[in-house]
Amino acid sequence: MASLATIFGSGAMTNSIKEIEGMEVIFTIGSNTKETHPVIANRMLKAIRKGARLIVADPRKVPLVKFAEIFLRLRPGTDVALLNGIAHVILKEGLQNDEFITERTERLEGLKKSIEAFTPEAASKITGVPKEDIIKAALLYGGSRRAGIFYTMGITQHTHGTDNVNAIANLALLTGNIGRESTGINPLRGQNNVQGACDAGCLPNVYPGYQRVDMPMVKNRFQEAWKATLSDKEGLKSTEMIKSAAEGKLKALYIMGENPLITDPNIGHTTKALENLDFLLVQDIFLTETAALADVVLPATCFAEKNGTFINTERKVQLVRKAVEPPGEAREDMRIISELSVRLGYPMNYSSSEAAFEELGNLWPALAGISYSRIRSEGIHWPCPTKDHPGTDYLYKAGFPRGRVSFSAVEYIPPAELADDEYPFVLTTGRNLFQYHSGSMTRRVAPIEAHAGEPYVEISAEDASRLGIRDGLMIRVKSRRGQIGLKALITGRVSEGLLFIPMHYKEAAANVLTSDALDPYAKTPEFKVCAVKIEKINSYEEVL
Amino acid sequence: MIKVLIDGKAGAVKEGATVLEAARMLNIPIPTLCHHPKLSPFGGCRLCIVEIKGIPRPVTSCTTPVTEGMEVTTSTPALEDLRKTVLELILSDHPNDCMLCERAGDCTLQELAYFYDVKENRFAGERRIYEKKDGNPFIERDMEKCILCGRCVNACEEIQGVSAIDFAYRGFKSKICPPYEHDLNCEFCGQCVAVCPTGALTGKGWSHKGRQKDIKEVDTTCPYCGTGCGITLHVKRNEVVRVTSKESGWNEGWLCAKGRFGYSFIGSPERLRTPLIKEAAGGFREASWDEALEYAAKRLKEIKEKHGPDSIGGLSSARCTNEDNYLFQKFMRAAIGTNNVDHCARL
Amino acid sequence: MQDLKTLEKIAAGHIGEKGGVIAILQEVQDALGYIPEEAVNWIADRLWIPRSAFFGVATFYAQFYFTPRGKNIITACCGTACHVKGSERLINGIARELNLAGGQDTTPDMEFTLEKVNCVGACSIAPVVIINKKVHGKAGADKIRKELKALRKTDKNAAAVEETDEE
Amino acid sequence: MKNKEIGIKICMGTGGIAAGGTQVMEAFTEHLRSSGIEASVEKRCSMHRVGCRGLCAKDVLVDILIDGDKTTYQYITSEMVPRIVKEHLIEGAPIEEWTVGEDYHNFHRKQVKVVLSDCGNIDPEDINAYIAVGGYEATKAAVKSMTPEEVIDIIKKSGLRGRGGAGFPTGLKWEICNKIQSDHKYIICNADEGDPGAFMDRSVIEGNPHAVIEGMIIGAYSIGAAGGYVYIRAEYPLAVERLKIALRQARENNFLGNKILGRGFLNFDIKIKLGAGAFVCGEETALIASIEGRRGMPRAKPPFPVYSGLWGKPTVINNVETLANIPYIMRKGAGWFSSYGTEKSKGTKVFALTGKVKNSGLIEVPMGIPLREIIYDIGGGIEGEKALKAVQTGGPSGGCIPADMIDIKMDYESLAQAGSIVGSGGMIVLDEDDCMVNVAKYFLQFTQAESCGKCVPCRIGTKRLLEILDKITKGQGTEDDLKLLEKLGSDIKSASLCGLGQTAPNPILSTLKYFRQEYEAHLEGRCPAKVCRDLLTYSVIEKFCTGCGACKRVCPAGAVTGEKKKPHTIDSSLCIKCGACFDVCKFKAVAKE
């Protein structure tokens with residue numbers, strides 16, 4: 001999301017979810033929306049019922065494809081080539097929005113040069129998508145002035161994730177499909193409050209509200225507000241912290257409500273890193289795999305046991321209300337942090353979560369106009385600078401914060417690890433409909449476990465029959481980093497040569513296999529592409 | 001705008017609006033069972049029939065578009081008599097076991113039977129009996145209670161795009177079921193449960209968890225994906241026993257399997273109940289808050305003093321609230337003195 | 001599945017077509033004699049039409065059968081003209097002749113299926129019975145019994161049954 | 001026979017084929033060849049299969065035309081063919097004892113044939129036969145020299161009303177559709193003749209499919225439709241086959257397809273959609289759902305199909321008979337057509353006259369003809385000299401007209417007033433042996449089984465009606481049940497969604513109105529017509545019983561006992577009243593009372 005912020009000034013969805021209904025063309029890329037954001041997919045279906053047309057780009061035949069007019073089944077990691085190819089056709093057919101380009105963008109020439117080579121034929125060769133479909137998609141998206149692009153981790157979890165986002169932005173800028181109602185760029189957030197965690201400043205380079213730590217003016221303002229001395233050195237990103245711990249530089253880690261052991265790439269590496277720490281403090285609601293490695297574990301509360309706010313993927317601040325008392329002696333996270341802080345000599349004293357929210361609003365104008373009482377029945381989209389501001393459904397109505405926005409010349413770079421003779425399959429990972437993330441919540445829900453409690457690897461019928469694998473057979477998937485055993489699920493969702501493993505199952509954790517190669521800018525790991533091989537297993541015991 | 005006169009009240013509605021919509025706008029109640037404002041009209045229950053000047057027979061208000069100058073009467077002795085007959089017919093093919101029904105007190109059919117005073121049934125006769133129960137883990141499907149209003153079929157098709165169920169057979173034997181009457185195997189979004197006006201569709205987990213009257217409802221926000229659907233937690237004796245979503249909310253009452261059925265982790269026996277400190281041997285022991293916090297603070301202080309604040313990192317959570325996250329980063333920055341703070345946005 | 005080629009051919013004729021469910025079911029039944037579940041599911045998935053639509057349609061229309069039918073199909077007309085000319089007793093008679101128990105429409109040896117249809121539109125020669133597509137007008141119980149016996153005679157295996165019937 | 005022109009016409013509708021028409025035709029072919037007559041007349045001997053001419057009960061009917069001089073034979077089988085060839089064709093002497101009698105001529109005398117005028121005369125599988133009698137002239141005239149509005153004007157002036165049931169003016173329907181702007185429009189021919197006891201659509205399509213196609217072409221031209229469908233029952237294989245042949249021939253002759261008759265903008269083609277066995281699909285919106293491949297569940301109107309029909313586009317749906325009238329009206333003029341019939345019901349109507357009438361078959365009569373003339377003049381009276389009890393018209397949606405109303409005029413208004421309908425034209429004659437409660441129950445069973453299940457009154461209401469009727473026919477009914485039948489019946493009529501439910505109670509309500517005493521007899525445990533099984537007892541009349549044992553063998557319940565050659569007895573406690581013994585006894589020794 002950081003890359004989108006670099007381009008436009010903010011890394012959030014530019015439209016609100018309601019606006020999907022008014023879209024003429026919906027273009028999803030690298031997003032299994034029907035499974036990962038089912039209720040947003042419902043809106044898309046509503047739009048389609050009203051006549052919207054859908055383009056889906058994904059290496060997998062994800063459920064949303066059923067509703068698509070055009071399905072671009074690209075090879076994993078070739079998004080840039082596809083997007084550049086589409087941009088090429090848009091320009092060639094003269095579908096660009098010249099007025100928008102002149103008034104609000106710069107460096108079109110650079111883009112033109114960079115996509116010159118990406119003829120539909122060339123793009124087709126790299127992506128495996130028929131060139132006719134690339135042209136059709138370009139005509140459809142480029143021909144509309146009310147089109148929205150949606151993406152998720154299928155775009156960002158690559159070594160070239162930033163490039164992917166830039167290439168998406170290029171399309172919107174070429175056609176002027178941004179800054180108006182029902183048209184824009186919409187990264188869909190995978191977790192309930194990723195947006196809020198970013199907004200609240202849980203990022204190593206910025207304070208709350210994306211205010212840079214390395215800008216003295218900003219730092220001074222926060223020092224004054226917090227009455228503390230602050231560092232102006234940019235901190236480590238989460239993936240860097242793990243690396244640093246492994247190297248012995250990072251000595252202590254305080255983890256609140258996270259399970260990096262399962263969710264980070266290359267589990268073997270993560271385990272070693274965490275074990276290498278002098279002190280690991282984990283605050284969570286369950287004794288997760290990560291918590292099991294901790295020196296101290298603090299019992300926290302879940303969403304139903306506290307008051308507060310979440311900010312969803314469309315920048316909407318919504319209330320969270322306490323419904324039940326926490327189990328045993330478990331305490332609200334805010335209270336735990338405050339008490340720890342007091343003991344470290346920095347007193348924190350909040351009478352309520354609302355007091356903390358108000359303090360945050362004082363430090364970031366985008367939230368300044370929002371109060372608990374205003375969002376009692378319906379949330380408000382930031383920016384909402386004043387108490388009488390209605391909130392902002394779509395961004396950049398009045399232009400981009402930085403004036404003109406640049407096109408980015410994006411070169412196609414293949415994924416870090418490609419299939420080869422030894423590891424002939426490409427593995428991609430992600431979520432399924434029923435489980436959630438590391439599974440610490442959903443795997444404790446009986447009906448979900450009964451229905452979707454078993455790990456599996458999706459494999460094409462062609463590969464399965466070539467290797468003599470029956471549906472439901474236990475197989476071993478191996479990468480250069482590790483191996484897991486799980487059941488084969490023969491499905492048309494994946495094409496020949498591609499495997500998919502959902503990330504949720506610790507007993508066959510996909511991240512044992514994934515590569516810890518990172519995007520050089522965003523430091524996002526390449527979960528979506530790594531090379532693996534598969535072997536048949538003779539007995540179940542062998543797996544264990 | 002189109003002018004319409006309903007029960008003597010004048011109103012103006014948008015072109016394409018139905019008589020039912022116009023009546024509701026004018027606060028004129030018309031009973032319905034199969035109508036749902038978010039779904040296409042069905043016209044099967046026949047309760048919303050009205051008389052329209054110039055049309056010889058009663059018509060369903062949910063399917064009839066308003067035309068200019070239309071004069072509508074929503075209630076006459078004849079209409080109410082027809083409605084009562086229709087209700088009696090429905091109830092003649094219904095188990096009428098409200099005393100045991102999960103939806104008692106929250107059931108449109110029950111409400112209407114009460115309102116129309118249907119006690120004796122003139123039309124008692126054969127009733128549909130289904131021995132086989134649906135074995136799916138999420139949704140209880142008691143098809144004997146189904147009144148074939150078609151809302152679930154519509155929701156599954158129009159809202160969810162799945163069409164896991166459809167009408168099957170015909171006439172009195174009509175039944176809404178998955179293909180070949182297998183157990184339901186779908187996305188389990190529960191949209192069908194949300195729109196069912198009777199006790200035919202309920203959550204399996206709701207069973208015997210408590211009556212509506214002593215359940216507390218708390219509106220909050222779903223803890224799963226970034227969509228942030230509005231949900232309502234139903235709480236009884238400090239336990240979340242059901243999750244629903246309000247039709248009036250921005251997500252129109254639609255949820256996914258996780259949001260609707262994935263709540264039992266809250267009361268899981270595996271929840272952490274006390275602080276834990278790892279012993280030298282490797283195992284955890286329970287500790288008091290004071291001990292645990294003192295110990296943690298001591299260790300952090302030592303490390304900070306020995307290796308500097310940048311030797312400490314903090315990972316916060318995309319599942320915690322803004323307030324939790326704000327405090328966490330403030331703690332890392334102000335109390336520890338490092339910018340080593342991040343969360344899992346990339347994962 | 002042995003019938004995969006047949007199914008592929010049927011499916012191919014309906015790719016991208018709107019509203020083909022009934023026609024597909026008719027083609028499947030023509031090819032396979034009834035509507036096997038796997039066959040329908042295969043085509044449904046292939047054409048991305050919900051399986052439920054096929055089941056809903058197949059159970060709605062009287063023409064579709066979910067179980068294999070007998071070698072000989074006896075279609076008895078239940079139209080009004082046939083009814084007033086005694087079709088009900090005629091049908092009961094046929095059922096007795098075939099030893100069909102209540103509710104059963106196919107003999108256990110898969111030789112005969114007795115089906116009732118609403119009206120074959122041959123009312124002026126009522127009552128009408130169609131045996132293997134041949135229309136028998138003014139069908140009396142004796143006439144039909146003879147026809148059925150003739151059909152049995154052609155089948156050597158049924159010889160034993162034949163003898164027990166005769167005195 | 002030299003220098004004479006010989007024509008042979010063999011009736012080969014479903015009835016004709018059932019009676020052995022195919023074999024008769026084969027026999028003629030063979031004997032014409034073997035007798036050498038074919039060669040001798042130098043190819044002026046022609047043989048044609050022709051469609052139904054109505055009197056299927058006398059099939060196989062064969063016309064022999066010698067220089068246009070027609071002799072009609074009845075009940076012909078293949079065995080009779082050699083003698084006809086020898087005596088009639090070669091020797092020139094018709095075989096008097098095989099020719100049709102006075103009743104055949106009476107059957108046709110009072111009929112006025114418009115729709116059926118060419119049925120039974122022309123070969124339905126040969127477009128040239130249709131063209132030879134003036135076919136497709138109307139199409140040429142309309143397409144080449146008239147505007148759609150002019151065509152519609154003729155149809156409006158003719159007074160033609162829909163022959164499928166409701167009787168909506170056809171010209172008006174076309175006019176509404178003509179005026180709607182839309183990128184696509186459709187015309188659908190409803191050939192889903194579901195009424196039990198009706199077969200006019202089948203006969204028309206089997207006998208003269210091109211008339212229907214021509215009607216559709218003219219309709220399509222009038223409303224501006226490019227797509228046409230014939231929705232036809234799969235139970236009519238012969239009609240489907242002939243329709244396919246006719247469509248192919250029409251395309252070959254450029255009456256269908258692109259640039260019809262050379263007019264560049266005129267494209268129209270017709271597809272066949274086979275019904276799959278659901279009576280409710282005769283209802284317009286259900287029919288559309290079925291063509292769209294869905295369950296045939298009707299939807300509420302408005303919007304009417306003429307505004308939003310197939311795939312949401314303006315759609316005109318006409319039934320077979322309506323469409324088959326069109327070419328004749330166009331050719332002979334609106335005035336000619338409207339000279340038949342009554343003030344409000346113009347033209348003729350085809351009825352399927354069946355049941356306990358001597359001449360049962362397909363008839364076409366002017367609207368408004370008294371029922372008496374149909375039954376006694378055309379139908380030749382009641383079979384077996386029994387007494388007429390009632391005439392049921394309009395099938396399951398219709399009602400019964402009692403014998404004392406025999407002078408009722410057969411038109412839309414009069415029948416509606418009597419509590420029945422013209423409907424699609426089914427007409428079943430009932431005699432003293434028919435139980436009116438049983439007849440009502442029969443129709444209720446039918447509609448109840450055919451209810452789509454969408455709306456409550458029809459789905460559950462018809463079930464309850466049937467349960468009450470069942471109770472009555474078992475002798476367990478009460479006076480209250482009769483009242484409940486009336487109340488529920490009238491509520492179902494008012495509250496149901498579609499025509500099926502709205503008319504389903506008609507057979508009950510009309511029989512209750514005219515034959516209440518018969519219901520009351522059932523309340524007392526009697527079925528006066530001796531039909532209702534549970535109210536009957538079977539016994540052996542000793543003096544007639546020969547002790548042949550047939551009844552004993554056939555009894556499925558083992559209720560018959562007795563020694564060979566001695567009178568048998570029926571144990572009424574074991575008897576399941578199936579009537580098998582009654583049917584099987586050749587000596588009328590089983591009594592039913």
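All chains are named by letter (A, B, ...) in the order of the sequence lines, taking the proteins before the strands, and each is independently numbered beginning at 1.
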**Asked** If you count heavy-atom pairs under 4.5 Å between each of Leu272(B), Ile277(B), Thr274(B) and chain A, which one has the most?
**Response** Leu272(B)
**Request:** With a 4.5 angstrom heavy-atom cut-off, could you sort out which part of Phe222(A) is near chain B: side chain, backbone, both or neither?
**Result:** neither
**Message:** Only pairs of heavy atoms separated by less than 4.5 Å count here; which of Gly328(A), Ala200(A), Ala304(A), Pro447(A) has the most with chain B?
**Reply:** Pro447(A)
**Message:** Can you confirm if the aromatic rings of Phe331(B) and Tyr254(A) lie within a centre distance of less than 6.0 Å?
**Reply:** yes
**Prompt:** At a heavy-atom separation under 4.5 Å, does Val240(B) approach chain A through its side chain, its backbone, both, or neither?
**Reply:** both
**Asked** Between atom NZ of Lys237(A) and atom OG1 of Thr524(A), what is the distance when rounded to the nearest 0.5 Å?
**Response** 9.0 Å
**Asked** Atom CG of Asn259(A) and atom OG1 of Thr290(A): how far apart are they, to the nearest 0.5 Å?
**Response** 3.5 Å
**Fill in**
Exactly one candidate in Leu250(A), Leu253(A), Thr239(A) meets side chain to side chain contact (heavy atoms under 4.5 Å, CB included) with Ser244(A); the answer is Leu250(A)
**Message:** Looking only at heavy atoms and a cut-off of under 4.5 Å, which of Asp519(A), Asp278(A), Leu281(A) has the most pairs with chain B?
**Reply:** Asp278(A)
**Request:** Kindly indicate, with the supporting measurements, whether the criterion side-chain contact (heavy atoms from CB on, under 4.5 Å) is fulfilled by Val297(A) and Phe284(B).
**Result:** CA-CA 9 Å; Val297(A) 180; Phe284(B) 283 113; 3.7 Å; yes
**Message:** What I want to check is whether the side chains of Ser245(B) and Asn251(B) have a donor and an acceptor closer together than 3.5 Å.
**Reply:** yes
**chain B contact via Phe357(A) - which portion, at a heavy-atom distance below 4.5 Å** = both
**Fill in**
The residue among Val243(B), Leu255(B), Ile139(B) that forms side chain to side chain contact (heavy atoms under 4.5 Å, CB included) with Phe261(B) is Ile139(B)
**Asked** Considering only heavy atoms, which portion of Ile17(A) lies under 4.5 Å from any heavy atom of chain B: side chain, backbone, both, or neither?
**Response** side chain
**Request:** Let me know if Met348(A) has heavy atoms under 4.5 Å from chain B in its side chain, its backbone, both or neither.
**Result:** side chain
**Item:** Residue selection (most heavy-atom pairs with chain A, distance under 4.5 Å) from Ser316(B), Cys225(B), Gly314(B)
**Value:** Cys225(B)
**Request:** Return the set of residues passing salt bridge (charged side-chain N to carboxylate O under 4.0 Å, His left out) with Lys246(B) (not counting sequence neighbours), or none when no residue passes.
**Result:** Asp219(B)
**Prompt:** With respect to chain A, which residue among Leu293(B), Asn322(B), Thr321(B) yields the maximal number of heavy-atom pairs within a distance under 4.5 Å?
**Reply:** Asn322(B)
**Message:** Between Lys306(B) and chain A, with a heavy-atom cut-off of 4.5 Å, which part of the residue counts as in contact: side chain, backbone, both or neither?
**Reply:** neither
**Item:** Under 4.5 Å from any heavy atom of chain A - which part of Cys222(B)
**Value:** backbone
**Asked** Okay, side chain of Arg444(A), backbone of Ser440(A): is any donor-acceptor separation there less than 3.5 Å?
**Response** yes
**Message:** Taking side chain as everything from C-beta outward and backbone as N, CA, C, O, which of these in Leu327(B) sits under 4.5 Å from a heavy atom of chain A? Side chain, backbone, both or neither.
**Reply:** both
**Complete:** With chain B, the option among Gly196(A), Ala228(A), Cys302(A) that has the most non-hydrogen atom pairs under 4.5 Å is Cys302(A)
**Message:** Can you tell me if Lys322(A) has over 12 outside heavy atoms packed within less than 6.0 Å of its NZ?
**Reply:** yes
**Request:** Heavy-atom distances under 4.5 Å only: say whether Ser353(A) touches chain B with side chain, backbone, both or neither.
**Result:** both
**Residue selection (most heavy-atom pairs with chain B, distance under 4.5 Å) from Val206(A), Leu367(A), Asp232(A)** = Val206(A)
**Fill in**
Ranked by heavy-atom pairs below 4.5 Å to chain A, first place among Ala297(B), Ser264(B), Ser311(B) goes to Ser311(B)
**Item:** Portion of Ala300(A) that has a non-hydrogen atom of chain B nearer than 4.5 angstrom
**Value:** backbone
**Between Ala330(A), Ala323(A), Gly345(A), the one whose heavy-atom pairs under 4.5 Å with chain B are most numerous** = Ala323(A)
**Message:** Between Thr36(A) and chain B, with a heavy-atom cut-off of 4.5 Å, which part of the residue counts as in contact: side chain, backbone, both or neither?
**Reply:** backbone
**Prompt:** Of all of Gly249(B), Gly228(B), Gly259(B), which one pairs up most often with chain A through heavy atoms under 4.5 Å apart?
**Reply:** Gly228(B)
**Prompt:** What residues of residues 184-192 of chain B sit under 4.5 Å from chain A when you count only heavy atoms?
**Reply:** Asn185(B), Cys186(B), Glu187(B), Phe188(B), Gln191(B)
**Prompt:** Between Ile303(B) and chain A, which part of the residue has a heavy atom less than 4.5 Å away: side chain, backbone, both or neither?
**Reply:** side chain
**Request:** Would you mind checking which part of Gln435(A) comes under 4.5 Å of any heavy atom in chain B, side chain (CB onward), backbone (N, CA, C, O), both or neither?
**Result:** backbone
**Request:** Find the one option among Asp290(B), Ile231(B), Asn136(B) whose heavy-atom pairs under 4.5 Å with chain A are most numerous.
**Result:** Asp290(B)
**Prompt:** So which part of Leu360(A) gets closer than 4.5 Å to some heavy atom of chain B, the side chain, the backbone, both or neither?
**Reply:** both
**Region of Met441(A) that comes under 4.5 Å of a non-hydrogen atom in chain B** = both
**Atom group of Glu240(A) that falls short of 4.5 Å from chain B, counting heavy atoms** = neither
**Item:** Interface moiety of Ala291(A) toward chain B, non-hydrogen atoms closer than 4.5 Å
**Value:** backbone
**Complete:** So, the part of Lys66(A) with a heavy atom under 4.5 Å from chain B: the answer is side chain
**Asked** Checking heavy atoms, do the side chain of Asp183(B), its backbone, both or neither come under 4.5 Å from chain A?
**Response** neither
**Item:** Any donor-acceptor pair under 3.5 Å from His343(B) side chain to Cys202(A) backbone
**Value:** yes
**Prompt:** Of the backbone (N, CA, C, O) and the side chain (C-beta and beyond), which part of Glu158(B) lies under 4.5 Å from a heavy atom of chain A, both, or neither?
**Reply:** both
**Asked** Which answer fits Ala446(A), side chain, backbone, both or neither, if we ask what part of it has an atom under 4.5 Å from a heavy atom of chain B?
**Response** backbone
**Prompt:** Between Asn339(B) and Ser231(A), is there a donor-acceptor pair closer than 3.5 Å when you use the side chain of the first and the backbone of the second?
**Reply:** yes
**Prompt:** Do you know which of Glu234(A), Glu305(A), Glu339(A) has the most heavy-atom pairs under 4.5 Å to chain B?
**Reply:** Glu305(A)
**Request:** Using modelled atom types only, decide if a donor and an acceptor are shared between the side chain of Tyr436(A) and the backbone of Gly262(B) within a distance under 3.5 Å.
**Result:** no
